[in-house]
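To start, the structure under review is shown below, and the notes come after it.
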Protein chains: 4
Amino acid sequence: MGGTMDGTKQRRRGNTRQRIQDVALELFAEQGYEKTSLREIAERLDVTKAALYYHFKTKEEILVGLFEDLTKPIEDLIEWGRQQPHTLETKQEIVRRYSQALSDAAPLFRFMQENQATVRELSIGEMFKSRMLGMRDIIIDPDADLTDQVRCISALFTMHAGMFVMQDIEADPEEKRRAILEVATDLVTQAHMGSRRTP
Amino acid sequence: MGGTMDGTKQRRRGNTRQRIQDVALELFAEQGYEKTSLREIAERLDVTKAALYYHFKTKEEILVGLFEDLTKPIEDLIEWGRQQPHTLETKQEIVRRYSQALSDAAPLFRFMQENQATVRELSIGEMFKSRMLGMRDIIIDPDADLTDQVRCISALFTMHAGMFVMQDIEADPEEKRRAILEVATDLVTQAHMGSRRTP
Amino acid sequence: MGGTMDGTKQRRRGNTRQRIQDVALELFAEQGYEKTSLREIAERLDVTKAALYYHFKTKEEILVGLFEDLTKPIEDLIEWGRQQPHTLETKQEIVRRYSQALSDAAPLFRFMQENQATVRELSIGEMFKSRMLGMRDIIIDPDADLTDQVRCISALFTMHAGMFVMQDIEADPEEKRRAILEVATDLVTQAHMGSRRTP
Amino acid sequence: MGGTMDGTKQRRRGNTRQRIQDVALELFAEQGYEKTSLREIAERLDVTKAALYYHFKTKEEILVGLFEDLTKPIEDLIEWGRQQPHTLETKQEIVRRYSQALSDAAPLFRFMQENQATVRELSIGEMFKSRMLGMRDIIIDPDADLTDQVRCISALFTMHAGMFVMQDIEADPEEKRRAILEVATDLVTQAHMGSRRTP
DNA sequence: CATGAATGAGCGTTCATTCAT
DNA sequence: CATGAATGAACGCTCATTCAT
């Protein structure tokens with residue numbers, strides 16, 4: 001997080017792998033996976049295409065690496081969620097933390113959001129899907145009615161898409177995030193109450 | 001054109017244009033725009049690639065044609081919405097009709113949803129965006145607070161994504177659509193009440 | 001065989017497929033399959049690489065096409081041989097015809113001879129093997145002793161390799177071919193007598 | 001094993017050079033020279049590609065090293081043959097020893113046999129050719145007629161190719177080798193008699 | 001209406017090789 | 001002895017597009 005005293009730890013060499021990932025994510029998020037060529041990534045780093053292949057076996061692996069690194073917190077969150085009681089408070093806490101996690105890895109999630117067709121055919125498609133199902137299971141009550149299930153899914157979705165869809169709305173990002181979080185929390189809360197409503 | 005009594009729109013012969021669009025939409029929705037090649041489309045129709053160019057100037061034009069044809073009802077809906085008073089009933093009716101329109105052109109919207117990165121760079125990107133802003137304007141009160149704006153956007157989004165995200169949930173499609181519609185209507189209603197809440 | 005009056009039947013266009021095969025065979029025979037690139041073939045024909053792909057789906061298919069076209073006579077010979085009685089005369093006739101067939105498609109067989117490692121991994125590897133086994137079956141007596149089997153195989157092999165191995169020997173090609181044929185016939189004859197020798 | 005008294009040929013450490021050659025030969029024989037990459041060789045030895053370059057200047061040098069080491073006995077045989085009288089007994093002895101030498105370095109000769117196109121462009125191409133001409137000179141009578149020359153070449157060829165072509169024939173390897181040797185000896189004997197036949 | 005033939009640009013990938021450490 | 005990092009050249013292949021017929 002940048003809190004160490006030695007800010008120049010990574011000088012010129014040895015950080016190439018990291019730099020590839022950074023540039024790749026930037027371009028993937030900006031232009032999509034298919035329209036981003038390895039030539040483009042290499043040029044921006046001022047190395048040859050072949051250099052990329054020293055660090056990653058395929059184009060897809062660059063993406064897999066990014067995905068694994070950046071979604072670790074969400075994996076952890078799911079793990080944590082599974083071990084908590086399914087109370088309203090837990091669910092609200094999960095939503096709060098999820099919102100934060102998405103925000104921390106915003107470019108990746110923008111990418112996932114905007115390249116679903118592509119992602120579906122890649123190995124991260126499966127990984128992503130299983131994470132989503134994990135999230136779903138810890139905020140949806142198994143015996144909730146269909147409408148309440150939709151509310152929960154809508155909550156997740158609102159968080160996923162919210163930031164990118166609202167890019168052209170005035171107001172500062174952090175405020176927007178809080179508004180989105182509020183709506184998502186509302187939806188989950190309503191869904192939770194709904195399940196308790198019917199005796 | 002558009003709703004006229006002219007029954008000759010697609011004659012016996014010369015329906016190739018239509019067939020191209022049908023196959024293209026099917027493949028675009030299934031595999032994405034970039035991963036669908038004109039060769040593939042041509043092969044499925046058992047014509048040559050060159051034949052496609054007789055009917056459409058570019059690959060993109062196939063998509064533009066599809067988009068224009070299939071989103072006409074939504075354009076009409078927006079037009080209609082603009083001329084109504086901004087009452088709760090109007091908004092609810094708009095949501096209801098929108099849900100139906102999305103359902104009628106499901107493959108196209110699945111495509112739009114899953115190929116956003118691609119669509120953004122295409123001419124339909126702008127068209128789509130302007131339609132979305134149109135929808136937004138007729139269901140969002142200009143002076144609503146941020147949270148209520150999010151609710152409205154979330155409502156639209158829930159409808160867009162709902163069907164595809166819920167593909168692996170049991171329950172029949174029409175039932176799901178109604179549940180989605182209910183949540184969307186709820187959100188819009190809450191947003192509407194919110195605006196009136198503060199005097 | 002070329003006896004029509006119109007010698008200019010194939011003018012400039014429309015014979016590209018044939019020209020590709022001709023050039024490819026020439027280069028494959030000269031440099032080997034792997035060391036011959038599609039770029040090289042294309043350049044020699046003054047077309048682009050992509051043009052090759054209009055006529056053949058893959059590099060391998062160019063070779064398959066050549067093989068199928070040029071080994072047809074041998075396939076026919078095997079077919080014929082199967083229906084003959086397994087007399088000495090038949091075997092000698094087969095050897096005679098085989099020698100001629102090899103000579104007619106000399107560049108291809110030089111290629112097969114010199115690129116066995118490559119051919120083995122290609123689809124024509126199997127085809128070639130099955131043709132060879134076919135030949136073997138019609139000149140080897142199933143109950144011949146091992147030495148006589150070797151003689152037959154050696155006869156086939158001598159014909160295959162003979163021409164290329166003897167390239168640096170003086171004497172005119174047709175004379176060489178006859179000498180090779182004589183040795184091969186001898187071997188098959190000895191093998192045939194051998195089988196009759198033991199009662 | 002060469003029979004020399006020097007037991008330090010391969011010490012405990014520092015046998016990497018040897019191991020590279022072993023693995024390389026195995027792969028070259030199995031897949032061909034071009035299709036075997038240095039990466040593959042290095043991976044199998046669990047060293048880096050760069051390590052190979054410590055021991056050999058180029059890929060080709062690995063092959064040259066193998067060739068020189070493994071064909072030494074044949075060089076010696078030719079040397080010996082040159083100093084003998086050109087009697088039938090000498091020729092038969094040469095064939096016998098040659099058969100043994102081929103058998104001892106079978107993988108290399110399988111490689112040479114199956115990668116002729118490649119070998120021709122490499123420096124060992126020339127070396128091999130000169131060895132072959134050497135062999136030829138000591139078993140062919142310079143004034144033999146063409147047919148008898150073919151017989152001698154066929155004899156050599158039968159030994160070269162025999163083992164690999166007969167891989168799918170039942171019977172144990174040593175027995176096969178003896179049968180091949182018998183046919184080769186026969187051919188050389190016939191050729192020898194032939195030269196004496198004409199007064 | 002449609003095809004046959006071709007193009008130019010680009011792609012992801014692999015290879016033998018180099019060299020500072 | 002050996003590695004880590006990189007390069008330049010090439011490869012097989014695919015794509016959207018063009019145009020004379």
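Residue numbering restarts at 1 for every chain, and letters A, B, ... go by the order of the sequence lines.
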Which of parallel (below 30°), tilted (30 to 60°) and perpendicular (above 60°) describes D:Phe109 and D:Phe128?
-> tilted
What integer distance in Å separates C:Tyr53:OH from E:dG4:C1'?
-> 20 Å
Would you mind telling me which residue lines up with the more 5' stretch of DNA chain E, B:Leu52 or A:Tyr33, judged by nearest nucleotide?
-> B:Leu52
Starting at CG of A:Leu63 and ending at P of E:dG12, how long is that distance when rounded to a whole Å?
-> 13 Å
Pairwise P distance, E:dC1 and F:dT21 [rounded to whole Å] = 22 Å
Greater than 12 external heavy atoms within 6.0 Å of D:Glu126's CD | no
Closest-nucleotide ordering on DNA chain E, the 5'-leading residue of B:Thr48 and C:Asp46 | B:Thr48
Charged N to carboxylate O below 4.0 Å: is that the case for B:Arg44 and B:Glu40?
-> no
On DNA chain F, more 5' by nearest nucleotide between D:Ala51 and B:Arg39 is D:Ala51
Plane angle bin for C:Phe28 and C:Tyr33 - parallel if under 30°, tilted between 30 and 60°, otherwise perpendicular | tilted
Return the nearest nucleotide to the side chain of C:Leu38; candidates are F:dG4, F:dG12, E:dA6.
-> F:dG12
Could you tell me the separation between the CZ atom of D:Arg19 and the P atom of F:dC1, rounded to a whole number of Å?
-> 13 Å
Separation of C:Lys57 atom NZ from F:dG12 atom C1', in whole Å?
-> 16 Å
Of the listed E:dG8, F:dA2, F:dA6, the closest approach to the D:Thr16 side chain comes from F:dA2
Determine the sole option in A:Glu114, A:Glu30, A:Gln31 for which the side chain to side chain contact (heavy atoms under 4.5 Å, CB included) test with B:Arg120 is passed.
-> A:Glu114
Rounded to the nearest Å, what distance is computed from the NZ atom of residue C:Lys49 to the C1' atom of nucleotide E:dG10?
-> 10 Å
First of B:Glu34 and C:Ser37 reached from the 5' end of DNA chain F, by closest nucleotide | C:Ser37
How long is the line joining OH of A:Tyr54 and P of F:dG8, in whole Å?
-> 17 Å
pair_partner(F:dC1), Watson-Crick or wobble, both distances < 3.5 Å, evaluates to none
Roughly how many Å is it from CD in D:Gln18 to P in F:dC1, rounded to a whole number?
-> 14 Å
Quick one: does D:Lys59 reach the base of E:dT17 with a side-chain donor-acceptor pair under 3.5 Å?
-> no
Phosphate oxygens OP1/OP2 of E:dG4: is one of them under 4.0 Å from a side-chain N or O of C:His55?
-> no
A:Ile41 CD1 to E:dC11 P, in whole Å, measures 11 Å
Strand partner of E:dA6, provided both Watson-Crick or wobble distances fall under 3.5 Å = F:dT17
